[in-house]
Protein chains: 2
Amino acid sequence: MNIIDESGILAISTRLQRLSEQLRKDGALFYKSYGIDFEPKWFPVIYTLHYKEVLSVVEIANEIGYTHPSTISLLKELEKQKLIRSKKDKIDERKRLIQLTTKGQELIEQMKPVWDVMKKALSDIADNQNNLLKAINEAENKIMHQSFLQRALQLKSEGEK
Amino acid sequence: MNIIDESGILAISTRLQRLSEQLRKDGALFYKSYGIDFEPKWFPVIYTLHYKEVLSVVEIANEIGYTHPSTISLLKELEKQKLIRSKKDKIDERKRLIQLTTKGQELIEQMKPVWDVMKKALSDIADNQNNLLKAINEAENKIMHQSFLQRALQLKSEGEK
DNA sequence: CAAAACTACGTAGTTAAATACATAAATAAA
DNA sequence: TTTATTTATGTATTTAACTACGTAGTTTTG
């Protein structure tokens, strides 16, 4: 065990990042093992469009929790892959409406069994005495209610009394 | 609740990354609220050197779990801030030995009470029915024993039987 | 209904990590 | 003891996110 792992909660941001990166990389390799040309970073957009069908750029950005410029660059890649297409909204001319192509829909069907296997492997990793996914949900809920910064500032001002 | 949060375990990498980023940003702002010029990304290096005192570049990289080029660029920043200094190892001339400067040590003393507040706020966020830090530890242990990719490939081959 | 404010999208530039590659010193092997 | 291998460090380039900024529609307001 190294110092950072021992440092506990203070290094939690680093630990989260590292874990995320490991899972992402292995995910990419697992798609490849099926001969599927799919990058894990595309998942949020594709999965969202599978359920919502037609969304604008900003709507997708909000759904996946990225900024809109990041989303635009993801959409560009997906458009190059011909997995999505877009058209101008006739009512609001500023909006670009995005949806899956037939190729995109077919790819999803092809990936569904892969996702099932990934789900099992991930659940196995994440479900222990403490369930990682539930822990994330609980932490996110707390942050949504009051951010880390707000909590820390409050503790700071209480300490100054 | 959006689609990605509903998608559960499949989007866990994205969720981990997002949470990490939120905590990192708030951390930076909290240091600033004390008038301390310190970036959260420096924490792993500084904290490690606080306990190990003298380490080479690659040793630090291993401790903090980054690649050595990333570590070198962190070290460059810290050297520019005069928080660390380095000298050539007399026994092994390839090695550059890194340690905290007096300024670095003083900064740590200044940050210790800040870290205490952060610890409380983070513990409050992370400790729920499922403890996030423990969940990370458990997941990392499982991955260390058998990676996500290995587990997924194994499930795949079992399914093919 | 004209001006102001807001919203949607896009581009440019920055940042923080990675990978790939190169070099030099140390160690092992023939 | 030369040669080959490994290790430590560094540089260049790539990647995937961000912020800052600009433009063009849309909506609200005086």
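Letters A, B, ... are given to chains in the order of the sequence lines, protein chains preceding strands, and every chain is numbered from 1.
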Please state whether the phosphate of C:dA16, meaning OP1 or OP2, lies under 4.0 angstrom from any side-chain nitrogen or oxygen of B:S70.
no
Which nucleotide wins on minimum distance to the side chain of B:E93, given the candidates C:dA26, C:dA18, C:dA16?
C:dA26
On DNA chain C, more 5' by nearest nucleotide between B:H68 and B:D92 is B:H68
Hey, could you give me the NZ/CG distance between A:K142 and B:D127, rounded to the nearest 0.5 Å?
7.0 Å
Got a second to check how far B:N62's CG is from B:S56's OG, nearest 0.5 Å?
8.0 Å
Contacts under 3.5 angstrom, residues 93-100 of chain B side chains, donor-acceptor by atom type, not counting sequence neighbours:
unit_1 : atom_1 : unit_2 : atom_2 : d
B:R94  : NE     : B:D92  : OD1    : 3.0
B:R94  : NH2    : B:D92  : OD2    : 2.7
B:R96  : NH1    : B:S86  : OG     : 3.0

Interatomic distance, B:K90 NZ vs C:dA25 C1' [rounded to whole Å]:
18 Å
Does A:E53 have more than 12 heavy atoms from other residues, nucleotides or ligands lying within 6.0 Å of its CD?
no
Pick the closest DNA chain C nucleotide for A:Q17 and for B:R94 by heavy atoms, then say which residue is nearer the 5' end.
A:Q17
Mind checking whether B:F30 and A:F148 have parallel, tilted or perpendicular rings, split at 30° and 60°?
tilted
Classify A:L75 by what it touches in the nucleic acid, base, sugar-phosphate, or nothing, heavy-atom distance under 4.0 Å.
nothing
With sugar-phosphate meaning primed atoms plus P, OP1 and OP2, does B:E39 contact a base, only sugar-phosphate, or nothing at under 4.0 Å between heavy atoms?
sugar-phosphate
In whole angstroms, how far is the C1' atom of C:dA17 from the CD1 atom of B:I72?
14 Å
Quick one: how far along DNA chain D does chain A reach, first to last nucleotide 5' to 3', anything under 4.0 Å to a heavy atom?
D:dA16 to D:dT26
Specify whether A:F43 and A:W115 have parallel, tilted or perpendicular ring planes, treating 30° as the upper limit for parallel and 60° as the lower limit for perpendicular.
perpendicular
Under 4.5 Å between side-chain heavy atoms, hopping through other hydrophobics if needed: is there a path connecting B:I108 to B:V114?
yes
Counting the atoms with a prime plus P, OP1 and OP2 as sugar-phosphate, which does B:K76 contact under 4.0 Å by heavy atoms, base, sugar-phosphate, or nothing?
sugar-phosphate
Between C:dA18 atom C1' and A:L29 atom CG, what is the distance in whole Å?
14 Å
Given C:dA17, is OP1 or OP2 found less than 4.0 Å from the side-chain N or O atoms of B:Y66?
yes
Determine the contact category for B:I98: base if any of its heavy atoms lies under 4.0 Å from a base atom, sugar-phosphate if only primed atoms, P, OP1 or OP2 are that close, otherwise nothing.
nothing
Judged by each residue's nearest nucleotide on DNA chain D, which is more toward the 5′ side, A:L74 or A:I91?
A:L74
Would you classify B:S56 as touching base, sugar-phosphate or nothing, given that sugar-phosphate means primed atoms plus P, OP1 and OP2, and contacts are heavy atoms under 4.0 Å?
sugar-phosphate
Could you say whether B:K95 or A:R24 is positioned toward the 5' end of DNA chain D, judged by the nucleotide with the nearest heavy atom to each?
B:K95
